[in-house]
Structures are given as structure tokens and as C-alpha cells.
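Below is one structure; the comments refer to it alone.
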Amino acid sequence: MTDGRLRVLILGGYGTFGGRLARLLAGEPRLTLLIAGRSQAKAEAFCRALGGTAETVPLAVDRDGDMAQIATAADIVVDATGPFQAYGDAPYRVVEACIAAGADYLDLADGADFVAGIGRFDDAAKARGVAVLSGVSSFPVLTAAVVRHLARGLVRVESIEGGIAPSPYAGVGLNVIRAIASYAGQEVRLTRDGAAATGRALVETRRWTIAPPGRLPLRSTRFSLVDVPDLRLLPALWPGLREIWIGAGPVPAVLHRGLNALARLVRIGLIPSLRPLAPLFHAAINRLRWGEHRGGMIVIVRGRDAADQAVERSWHMLAEGDDGPLIPSMAAAAVILRRLQGLRPAPGAQAATKALELADYQPLFAGRAIVSGCREVTAATARQPLYRRMLGEAWAELPEPVRAMHDLSGDRRVAGRAEVERGTGWMARLAAAVIGFPVARRDVPVEVTFRVRDGVETWRRRFAGRAFSSTQQAGRDRSEGLLEERFGPVRVGLALVLDGDRLRLVVRRWSLLGLSMPLALAPGGEAWESAAEGRFRFHVEIRHPWTGLIVRYRGWLAPED
């Protein structure tokens, strides 16, 4: 830092993850970013387009060349190249060069063997006063930070599960695909039933819904087991751990299932490896894109509290648009930004599982379309009213009249006034008649009777003497995280979304006569609850692409004395 700037050399600096790291750091004037890659022209073009207040220097660097000489130009060297699973006979040559040059070293390695082996350089790094951190990415740094956050107050952590679900538009580098293809169908070391065991990468699958409380969740996602450092490193941090499982949920689903099928062929020996197919996978996943431009991550911890009661806690993160792909590079950015604050990692070589806490990510999340939240399942929360249980920590943000309306522990009746509109087309009239929706009236008395049985709420609505009913309950399986409401033969999965002082109900799934139907053909319309003048207010609109408006009713309700 002879010129007052911290000099950061990013190997693969114009590549997928290195480029995103550079973008995260570009606004810091105390940094000089040495953007290194094999092409001087590409490095120069990247620096010209980067912008920001950090100084940028393009460099043509071959990581197989004289890295010791190159490392002397930097205070920190970040290896963002890969695939780390295929670094050949001298996988740690950059680490050795950094120790010799006296430069701190970070990498974004996702290879379990590579990260686990970094400890062999601990003595040499300490003797030279150099910090060497491996695996400085979402896996395992963010995972470990989240588990520490979720494990507060638990006397024992028994299982850790998690996964990352990238947006289909995220853009995946060829080296990432090569890494995944290299271990697809192969044995993966993990922990099961409290003992060392093996699984099969991209063969084993699990399904979760990433659903931060009060936010529009991702759709139910299928995750496949991946070989990441977490599987070996986290059991050492929580010695009582009985199970750990980490997966990835790439989309579109058809490509994911195709990869699963090929991984099974590797497992039974019909194909030796999928690595030769990596360029084909890379082309397919970066061209065949559809669906929402959203991604996320989930971590689930199960354990025991001080009263020896079972506790399940989960952390859910959603990232919209182009902000999601930045997250794997945020751990390295956070370590570098902490260095600017005088918080340099201690000398030595180790996996980066203890390098950051969840709070260290918040400055990088701030100002971006990234939200997160936690959920908890205990014997006590399982007895909570339906809406309170589903909204979790977002429940407290609801207006008090809305909370009071849904704080149901038994039967209740409320009453008020409403306005009803009906669609005029014959299909709309037929649909309204089948379900029993009220007729159009300007100002009608309305009563709602709530009945609660075994976690299922029955809502019986009566408009000027004309009644119709629906049932509501927490969704399961592919409707996990959604409120399921049933009107006759129609079942709708609704997301409970906080929007300012409104609670919006957004259709995310639906079925007719038990058959899952395309979301594009789902009944929709604006539906929300709010408060005004101390009263609970409702607005419900139901329409369909084929019928137009079916019914719209809005008004207020208050408990009967």
C-alpha cells in the first residue's frame, strides 16, 4: 500500500466470478484492482467498462507462469479461476507463490478436496505473516455464518441442510460447469447418522421452497446433492452433527432432470464421466432460459434447545434480477473491505468458515434487491394460528386490525359492510354460480364465520343472506410456503406478501379437480387486506383469462360484540 491504496490482484478478473468481485469493489477509491487473465485485450476491455472509483490495472497473467514474481505486486491475491477440482499435479502453486511473496491469498474454490487441503500451508503462512483463506464464497463461508446465526440458543445442532437456487439468467461460467460435470454421479463424502458416509452427486435430490417471511417465495425447487467444502468442514465446527446435505437447484427443471439422468448413468458405470460434455452443458444452460429472473438460498438447521425440545430453524434469501449472481463473490469482497477497516485475517492457512459473520454481508446486501429472513418450527409455533405461523417474523409488521382478524384460536364471527361486483359474461356467471359467489350489490351487510379445526380454517362468508365457503391451510409438498385456499373444485396456492401496510395474497399455484394446472391459466386478480380508521379492510378480485372478471368484493369487517 505504498500509494495508500490496497492492491488486489484478481486472477480471472474478467471472468464470471472474478468479474463480479471486481464490480463489487469498483466503488472503493482506496483500492487498486489488478484485473488479470490470459488475454491483455480482454483485461483492458473489462477495465474500460468497469467504471467506479477504484483504480484498475489490466494484466496478462498465466497462473501456470511465474506467479511468485506477479504476487509481489499485490497485497492480496484472489484466485477466481478454477475449476479447482482439476488443478493438476501442483494445485497450490498460487498459494505457495503468495506465501513466498508475502501477499495474502483468497480463493473462491468450491472443490471440497482443494479447500480441505489448504491447512498444509498453515505453518509456512504463519512464519511469513500471510493470511491464506480457501473457499471464500457462498459455500462454505455464507453457509457457516448462517448456521452460527441459526444455532444461537441451541445446545446441540443435529442436522444441517441447504441449497442454492440460481436464476436461469444468472450466467454460469464454463469452469463451474466443468467442476460439476467432473463429480456428477461420483461418490461424495458427507455425514449421515452421525458417521462418515457417502452420497452420489447429482443423483440424490430434495425439494424445498425458499420463502422469506412476508416475501414472494421462489417456486418449489428441486435440489441435487453437490460436492462442496461444507460437507467436510461444517461437521468439525458442530461435532454433534448427525447429518449434512447441500444441494443446488438449477433451472429450467428439464435441464436439471436431464443432468440427473446422466449422473445416474455415471453411477452405474455406463459413462465414465460427464466432464467431456461440459461445453455442451454450458451452451445449453446459458441459452435455454425461461422463468423468473430470481434466485435464492436456503439453510435449515435442526437441533435441541436448553429444555431438550426439538427446534427447526431455516434461513431464506431471495435475490432479484442481476443482483443474485453477485452473491458467491460477496464473501471475498467482504474480507477485502474488512481489510480496509484494519481487520486483517490472522496469519495462517485455513478454510474460510470462520472468516465472516452474517452481519458482514449486510453492507453488501444493502441497496440491492436481496432480502432474507428466518423461520422457526417448534412445538409452540406449530400451535399458532395459521396466518401467524405462515408469516413468522413478518407477522409483527401487519397493522393491528389485520393481526386481530387472523389471530384465530377458535371459532369467531365478524360483520361489516361490502360492495360486490360481478362479471357479465356467461362463463363468468357460470363460474360464480358454481362456487356460490354473491350477486352484485352496492352496499350489503356481510358476515364471516371462522371455524378452526386441526390447523384448517373454514371461512363462511354471507353477503345479504347469500353464503359461500372456502377452506384455508398451510400448503405441503410443492405448495410448501403457500397458503392453500379451496373453493369447491378449485385449490389455489397463495403467497402472503407484505406490501407496505397491505397484506397481499398472490396466486403461485392452482389445481382443478386435484389436477395441477398451468399458472398462466390460474384465476387471478388483486387481493389484499389492510386497515383504515381502526377497521380491517378487504379487497378481493377474482378473474380468469377466459372469463374476465368473475367477482370483486371489498369492504370492512369488525368483531361482533
Side-chain angles (χ1 to χ4, degrees), residues 150 207-221 294 296 298-302 310-318 371-412 414 448 450-459 470-487 490-511 519 522 526-531 536-540 557:
L150 295 177
R207 182 173 289 277
W208 298 302
T209 298
I210 299 176
R215 304 289 184 168
L216 187 69
L218 288 185
R219 292 191 174 91
S220 176
T221 304
R294 314 171 74 217
I298 185 171
V299 178
I300 306 165
V301 168
R302 297 182 182 88
V311 178
E312 176 185 304
R313 293 174 181 161
S314 56
W315 178 82
H316 304 248
M317 179 183 67
L318 282 176
V371 296
S372 63
C374 298
R375 296 182 177 275
E376 181 173 275
V377 178
T378 64
T381 62
R383 294 191 295 268
Q384 290 177 343
L386 175 61
Y387 277 63
R388 183 169 189 167
R389 179 164 25 102
M390 296 200 63
L391 283 166
E393 60 188 20
W395 170 260
E397 300 179 41
L398 290 175
E400 193 281 331
V402 179
R403 293 199 307 270
M405 187 62 59
H406 291 292
D407 199 8
L408 300 174
S409 55
D411 297 352
R412 179 190 295 177
V414 297
V448 181
F450 301 99
R451 184 179 181 222
V452 183
R453 297 291 185 274
D454 299 324
V456 179
E457 297 182 2
T458 299
W459 293 30
S470 69
T471 61
Q472 297 185 359
Q473 64 187 80
R476 299 178 181 177
D477 301 323
R478 290 177 182 262
S479 293
E480 180 187 1
L482 301 177
L483 176 77
E484 277 197 345
E485 184 163 22
R486 183 169 184 172
F487 295 89
V490 177
R491 188 186 297 266
V492 182
L494 300 165
L496 302 180
V497 180
L498 287 181
D499 184 6
D501 62 352
R502 292 180 175 181
L503 176 64
R504 296 175 56 227
L505 292 89
V506 182
V507 177
R508 298 292 280 172
R509 288 181 57 81
W510 79 294
S511 63
L519 187 60
E526 285 291 320
W528 46 265
E529 301 171 351
S530 65
F536 172 84
R537 308 285 301 188
F538 61 88
H539 176 106
V540 178
L557 293 169

Do [X] and [Y] make a side-chain contact, defined as non-hydrogen atoms from C-beta onward lying under 4.5 Å apart?
{"X": "Val497", "Y": "Leu503", "value": "no"}
{"X": "Arg375", "Y": "Val377", "value": "no"}
{"X": "Ser314", "Y": "Ile300", "value": "yes"}
{"X": "Glu480", "Y": "Ser220", "value": "no"}
{"X": "Thr221", "Y": "Ile210", "value": "no"}

How are the rings of Trp528 and His539 set to each other: parallel, tilted or perpendicular (split at 30° and 60°)?
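It falls in the parallel class, under 30°.
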
Once the angle between the rings of Phe536 and His406 is folded into 0 to 90°, is it parallel (under 30°), tilted (30 to 60°) or perpendicular (over 60°)?
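Geometry flag for His406 against Phe536: perpendicular rings.
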
Check: [X] side chain, [Y] main-chain N or O, donor-acceptor pair, under 3.5 Å:
{"X": "Glu393", "Y": "Cys374", "result": "yes"}
{"X": "Thr381", "Y": "Ala379", "result": "no"}
{"X": "Arg509", "Y": "Gly493", "result": "no"}
{"X": "Arg508", "Y": "Leu482", "result": "no"}
{"X": "Arg388", "Y": "Leu408", "result": "no"}
{"X": "Ser470", "Y": "Glu485", "result": "no"}

Other residues, nucleotides, ligands: >12 heavy atoms within 6.0 Å of Arg491 CZ
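More than 12 heavy atoms, drawn from other residues, nucleotides or ligands, come within 6.0 Å of this atom.
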
Reported [atom1]-to-[atom2] distance for the pair [X] and [Y], which is rounded to 0.5 angstrom:
{"X": "Arg389", "Y": "Leu483", "atom1": "CZ", "atom2": "CG", "result": "10.0 Å"}
{"X": "Glu529", "Y": "Leu496", "atom1": "CD", "atom2": "CG", "result": "8.5 Å"}
{"X": "Arg486", "Y": "Trp510", "atom1": "CZ", "atom2": "CH2", "result": "13.5 Å"}
{"X": "Gln473", "Y": "Met390", "atom1": "CD", "atom2": "CE", "result": "10.0 Å"}
{"X": "Arg412", "Y": "Asp407", "atom1": "CZ", "atom2": "CG", "result": "7.0 Å"}

Would you check, one step at a time, whether the test side chain to side chain contact (heavy atoms under 4.5 Å, CB included) holds for Leu494 with Val507?
CA-CA 5 Å; Leu494 300 165; Val507 177; 3.7 Å; yes

Any idea which heavy atoms bring [X] and [Y] closest together, and the distance?
{"X": "Asp499", "Y": "Arg504", "result": "OD2-CD, 3.2 Å"}
{"X": "Val452", "Y": "Asp411", "result": "N-OD1, 3.4 Å"}
{"X": "Arg294", "Y": "Pro217", "result": "NH1-O, 3.1 Å"}
{"X": "Arg219", "Y": "Leu519", "result": "NH2-CD2, 2.7 Å"}
{"X": "Leu218", "Y": "Thr209", "result": "O-CG2, 3.4 Å"}
{"X": "Pro212", "Y": "Ser372", "result": "CB-C, 4.3 Å"}

Without hydrogens or angle criteria, can the side chains of Tyr387 and Glu457 be said to hold a donor-acceptor pair below 3.5 Å?
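The answer is no; no qualifying pair exists.
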
Return yes if a side-chain donor-acceptor contact under 3.5 Å exists between Thr458 and Arg453, otherwise no.
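No.
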
